K.L.:
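I have a structure here, written as structure tokens, and I will follow up with some questions on it.
Position 1 is the first residue of the sequence, and the numbers go up from there. Every value quoted in this text rests on a predicted model; they were computed, and no experiment measured them.
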Amino acid sequence: MPIALEPCVSGKMMQNDFRGHRSFIEAQQLTSAWLRPGSGEASSLSQLMASPDGATAVATAVVCEALQGQPSTRIALVDLATGNIELLTRGLGSDSSPKWSPDGSSIAFLSDREQAHVNRLHILGIDTGAEHAGPQVDGFVESLEWSADGRFVLLCTAGFGSDLAGAQGAVAVSLERDAEAQADWAPTVEGAPEASPWRSAWVYDVGTHRVRRVTLPGINVWQASWAGPDHIVAICSDQPEETRWYTADVRLIAVENGDFRTLFKPDDQLNCVVASPSGDTVAVIEAVCSDRNLVAGDLRLIDVASGEVTSAATLDADVTQLIWRDEDTLLFGAGQGPDYVAGLFDRQTGAARELWRDSRRQPSGMIFPEIAPLGRQAADFLCLVEAFSAAPTLVAYEGGAERAIRTVGAPEVDARVQALGVSARDFTWTAPDGLALHGWLITPKGAGPHPLIMHVHGGPVWYVRPQYLGRSALLQMALAAGYALFLPNPRGSSGRGQKFARKVFGDMGGRDTYDYLSGLDALESQGVIDRARIGVMGTSYGGYITSWLITQDRRFAAAVPIAPVTHWVSQHLTCNVPTFCELFLSDKLGDPLGQYFTRSPIHYAERVRTPTLHICGALDKITPAGQALEFHKALQGSTDVETVLLTYPHEGHGIRSMPAIFDFTARVMAWFEKHMPGRTPDRL
């Protein structure tokens with residue numbers, strides 16, 4: 001019988017059980033080589049934080065126990081002189097988000113040992129090794145931050161039933177015992193305020209081991225940090241649903257009684273709200289953006305006393321990270337075209353200076369590159385840097401110079417990546433309307449023209465940056481099979497300023513369509529790619545564009561839309577972010593001549609001649625599984641093109657868990673090899 005994690009397959013020519021397929025086995029082997037299950041070795045590090053004395057750093061380390069589910073994470077201590085990694089936690093579940101206490105004696109972190117995704121505060125004494133869990137709160141903890149005096153820990157929590165952000169999988173997190181107690185015939189309830197889970201802020205007293213709620217009912221807290229000893233500053237909305245994040249504002253909240261004052265009502269979206277040590281100045285990123293946490297844009301400074309909001313110059317780059325180093329100095333990370341830039345903003349002069357810039361190598365990070373402050377010098381920081389063909393290396397930037405500490409990963413994986421002999425470069429071209437564009441081109445060994453897979457990023461306001469190929473079995477397998485990879489950053493992408501990002505606003509599937517197609521034209525004119533073997537794939541907005549492009553152009557030999565939008569009307573009515581649809585379509589649901597209809601791929605299904613493999617997760621709240629189903633059915637009803645639908649029963653937004661990810665990789669490779677063979681068609 002098929003294993004429980006296998007997808008439901010609709011359509012012809014694809015068997016239900018792919019476990020014996022050569023690509024399934026290869027994906028499993030490549031993933032195993034990177035994760036090294038059961039070895040106790042850290043395969044990657046993230047969420048770095050240097051100790052107050054600058055001698056060590058704490059990090060979240062991926063330590064895989066078995067090729068099942070998602071890899072576990074542990075809290076690790078890294079010696080910044082030797083690079084030695086020591087695991088501080090073990091056991092069930094995952095540990096993450098480590099934060100040093102101000103005196104360096106303790107580490108606070110989150111752990112979901114009792115149930116996946118249900119994080120609880122834990123505190124570990126460095127000298128004693130003693131660990132204790134904080135009290136239970138109403139929901140699960142999403143973030144934590146020590147107060148400056150080390151007496152309290154600020155906790156941001158989400159009520160049970162809350163949705164994770166799209167980048168986290170867009171699934172709802174419920175308490176298992178509550179679900180088990182619910183009668184199997186009872187309905188789920190939407191629309192009733194008392195049934196909606198809220199996000200709130202709490203303060204844990206380290207001395208008394210007690211926790212109390214800070215925010216009042218009716219305030220939903222998406223993100224918060226300390227603003228001096230008596231206040232917190234938070235990104236808030238008056239309603240709890242995920243879609244309300246798009247219109248959230250910045251509020252100053254009194255810790256004692258929850259009284260608040262609204263500091264800033266933005267035109268666009270917000271992220272990374274942080275206050276100076278005194279709490280007198282608040283910094284926040286404002287940007288037009290498509291998903292919570294995918295925010296890259298402009299720095300706003302808010303004077304708490306006067307309420308004055310000013311814009312700060314940040315080297316003409318899209319800011320993604322903010323860290324106060326002292327009362328007047330902000331360390332920031334930003335994207336600028338193909339480059340990553342680390343900079344320092346001086347509030348007294350109103351000027352920023354560049355500390356570090358690179359395009360080929362960039363700091364690691366799940367959503368955007370991440371850096372961590374190091375020592376007492378404002379310009380010093382710590383990060384992992386990586387490139388397409390270079391494994392992440394822990395680097396200290398001190399006194400204007402880099403110091404490599406250690407490489408993180410498996411030597412055999414790096415040897416395999418080097419053996420691929422790929423070439424990666426920033427590729428530029430011009431759109432039909434004259435707009436200059438860029439993306440990343442990765443070509444395999446051998447002379448072209450190559451068969452090509454164009455991989456479209458999500459968002460649409462996000463971007464592709466160099467990330468190590470050794471972490472992706474799919475990309476390694478595609479390059480080994482002779483496929484080139486084109487990773488475009490079209491109009492609407494991050495890193496080119498807010499004016500550039502807005503070019504997709506109200507025009508999704510409009511002029512950006514020709515950004516992709518003209519990029520392919522440029523590659524063909526240069527002899528890089530084989531026009532007869534061009535494939536396209538992408539997730540989320542990338543899934544939408546994949547579905548859309550094959551209705552607008554017949555050059556594609558194969559398509560793989562993942563977690564797509566294919567019908568904007570039903571997307572608006574069934575997803576958890578209808579505000580996104582309204583904002584980015586700049587339209588109203590009921591306009592039969594508007595973009596809800598004219599930009600929906602299902603209305604052009606009869607044009608499609610491209611074999612299409614639709615992929616979705618049954619638990620996805622942001623692009624529900626019905627979107628893939630609708631386009632699959634539309635193709636079945638209006639064309640003879642081969643169409644297959646895969647619905648993974650335990651996945652959300654994107655396929656993330658093992659062994660489902662092995663199955664996904666095998667089926668995607670089989671699809672491209674069938675319809676546009678690489679250099680080894682004899683393997684089919």
K.L.:
Among pairs that include at least one residue of residues 574-602, which meet salt bridge (Lys or Arg N to Asp or Glu O under 4.0 Å), considering only residues two or more places apart or in two chains?
P.N.:
D507-R599
K.L.:
Any donor-acceptor pair under 3.5 Å linking the side chain of Q115 with the backbone of S174?
P.N.:
yes
K.L.:
Backbone N or O of G335 within a donor-acceptor pair of the D318 side chain at under 3.5 Å?
P.N.:
no
K.L.:
Do L301 and F345 have side-chain heavy atoms sitting under 4.5 Å apart?
P.N.:
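The answer is yes; the side chains approach within 4.5 Å.
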K.L.:
By ring-ring contact (aromatic ring centres under 6.0 Å, His included), which residues pair with F381, not counting sequence neighbours?
P.N.:
Y397
K.L.:
Just wondering, do Q336 and D316 contact through their side chains at under 4.5 Å, heavy atoms?
P.N.:
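In contact.
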K.L.:
How long is the gap from NE2 on H614 to CD on E630, to the nearest 0.5 Å?
P.N.:
12.0 Å
K.L.:
Can you sort out the partners of W462 under side-chain hydrogen bond (donor to acceptor under 3.5 Å, both in side chains), two or more places apart, ordered by chain and number?
P.N.:
none
K.L.:
For a quick test of reading the model, state the closest non-hydrogen atom pair linking A287 to V295 and the distance between them.
P.N.:
CB-CG1, 3.8 Å
K.L.:
Could you grab the distance from atom OG of S290 to atom CG of L583, nearest 0.5 Å is fine?
P.N.:
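Between atom OG of S290 and atom CG of L583 there are 10.5 Å.
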K.L.:
Would H117 and F140 satisfy side chain to side chain contact (heavy atoms under 4.5 Å, CB included), going step by step from the backbone distance to the final call?
P.N.:
CA-CA 8 Å; H117 301 300; F140 55 97; 5.8 Å; no
K.L.:
Under the rule for side-chain contact (heavy atoms from CB on, under 4.5 Å), what residues qualify as partners of N257, not counting sequence neighbours?
P.N.:
A254, D259
K.L.:
Has the side chain of T320 got a donor or acceptor atom that lies under 3.5 Å from a matching backbone atom of G333?
P.N.:
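Between the backbone of G333 and the side chain of T320 there is a qualifying donor-acceptor contact (under 3.5 Å).
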K.L.:
To the nearest 0.5 angstrom, please state how far the OG1 atom of T314 sits from the CG atom of L330.
P.N.:
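With rounding to 0.5 Å, OG1 (T314) is 10.5 Å from CG (L330).
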K.L.:
Indicate yes or no for a side-chain donor-acceptor contact from W568 to the backbone of Q595 under 3.5 Å, with no hydrogens or angles considered.
P.N.:
no
K.L.:
Where the side chain of R496 meets the backbone of A501, is there a donor-acceptor pair that is under 3.5 Å apart?
P.N.:
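Checking the backbone N and O of A501 against the side chain of R496, no donor-acceptor pair under 3.5 Å is found.
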K.L.:
Any pair with a residue in residues 216-237 that passes side chain to side chain donor-acceptor pair (under 3.5 Å), sequence neighbours left out, goes on the list, sorted by first then second residue, please.
P.N.:
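Passing the test, one end in residues 216-237: W222-S237, Q223-N271.
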K.L.:
Going by ring-ring contact (aromatic ring centres under 6.0 Å, His included), name the residues that satisfy it together with F505, two or more places apart in sequence or in a different chain.
P.N.:
F584
K.L.:
Could you verify whether a donor N or O on one side chain and an acceptor N or O on the other, from E327 and S278, lie under 3.5 Å apart?
P.N.:
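Result is yes, a qualifying pair exists.
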K.L.:
Considering only residues two or more places apart or on different chains, which pairs with a residue in residues 362-372 satisfy side chain to side chain donor-acceptor pair (under 3.5 Å)?
P.N.:
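Matches after skipping sequence neighbours: S364-E386.
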K.L.:
Got I562 and F664 here, is their nearest side-chain heavy-atom distance under 4.5 Å?
P.N.:
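With C-beta onward as the side chain, the pair touches.
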K.L.:
So do D298 and D268 actually touch side chain to side chain, heavy atoms under 4.5 Å?
P.N.:
no
K.L.:
Mind checking the CD1-OH spacing from I371 to Y340? Nearest 0.5 Å is all I need.
P.N.:
4.0 Å
K.L.:
With sequence neighbours left out, what residues match D620 under side-chain contact (heavy atoms from CB on, under 4.5 Å)?
P.N.:
A170, A563, I622, T623, H653
K.L.:
Test side chain to side chain contact (heavy atoms under 4.5 Å, CB included) on T579 and R244 and set out the steps.
P.N.:
CA-CA 8 Å; T579 303; R244 305 291 182 172; over 6 Å; no
K.L.:
List the atom of V141, the atom of S143, and the distance in Å for their closest heavy-atom pair.
P.N.:
CG1-O, 3.4 Å
K.L.:
What pair of heavy atoms forms the shortest contact from L270 to A248, and how long is it?
P.N.:
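Minimum heavy-atom contact is CD1-O, 3.7 Å.
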K.L.:
Verify salt bridge (Lys or Arg N to Asp or Glu O under 4.0 Å) between D512 and R491, making sure each step is shown before the conclusion.
P.N.:
CA-CA 6 Å; D512 64 338; R491 70 190 69 208; over 6 Å; no
K.L.:
For Y596, check ring-ring contact (aromatic ring centres under 6.0 Å, His included) against everything at least two apart and list the hits.
P.N.:
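Applying ring-ring contact (aromatic ring centres under 6.0 Å, His included) to Y596 gives H572.
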K.L.:
Could you tell me which residues satisfy side-chain hydrogen bond (donor to acceptor under 3.5 Å, both in side chains) with T60, sequence neighbours excluded, listed by chain and number?
P.N.:
Q47
K.L.:
Can you list the steps and then say if D291 with Q269 is a side chain to side chain contact (heavy atoms under 4.5 Å, CB included)?
P.N.:
CA-CA 9 Å; D291 296 82; Q269 289 74 51; over 6 Å; no
K.L.:
Is any side-chain heavy atom of V304 closer than 4.5 Å to a side-chain heavy atom of V233?
P.N.:
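No, every pair of side-chain atoms sits at 4.5 Å or beyond.
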K.L.:
Quick one: salt bridge (Lys or Arg N to Asp or Glu O under 4.0 Å) pairs with a partner in residues 158-175, sequence neighbours left out?
P.N.:
D163-K621
K.L.:
If you measure from OG1 on T546 to NE2 on H455, what distance do you get to the nearest 0.5 Å?
P.N.:
8.0 Å
K.L.:
After noting the C-alpha distance and the side-chain angles of C236 and I253, does the key distance pass the side chain to side chain contact (heavy atoms under 4.5 Å, CB included) rule?
P.N.:
CA-CA 10 Å; C236 302; I253 301 172; 4.1 Å; yes
K.L.:
To the nearest 0.5 Å, what is the distance between OG on S162 and CZ on R199?
P.N.:
4.5 Å
K.L.:
Is the shortest side-chain heavy-atom distance between Q627 and C616 below 4.5 Å?
P.N.:
no
K.L.:
Does some side-chain heavy atom of D138 sit less than 4.5 Å from a side-chain heavy atom of T157?
P.N.:
no
K.L.:
Write down the atom of A618, the atom of P649, and the distance for their closest heavy-atom approach.
P.N.:
CB-O, 3.7 Å
K.L.:
Considering the options H457, H438, K503, which one meets the side chain to side chain donor-acceptor pair (under 3.5 Å) requirement together with S493?
P.N.:
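Considering H457, H438, K503, a side chain to side chain donor-acceptor pair (under 3.5 Å) with S493 is found only for H457.
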K.L.:
Identify the two heavy atoms, one from N293 and one from W245, that lie closest to each other, and give their separation to 0.1 Å.
P.N.:
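Minimum heavy-atom contact is N-CZ2, 4.3 Å.
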K.L.:
Please tell me if the side chains of M508 and Y541 come closer than 4.5 Å, counting only heavy atoms from C-beta onward.
P.N.:
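Side-chain contact under 4.5 Å: yes.
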K.L.:
State which residues pass side-chain contact (heavy atoms from CB on, under 4.5 Å) with R213; sequence neighbours excluded, sorted by chain then number.
P.N.:
S200, W202, T215
K.L.:
Kindly give the heavy-atom pair with the smallest separation between F631 and T566, and that separation in Å.
P.N.:
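Heavy atoms of F631 and T566 come nearest at CB-CG2, 3.6 Å.
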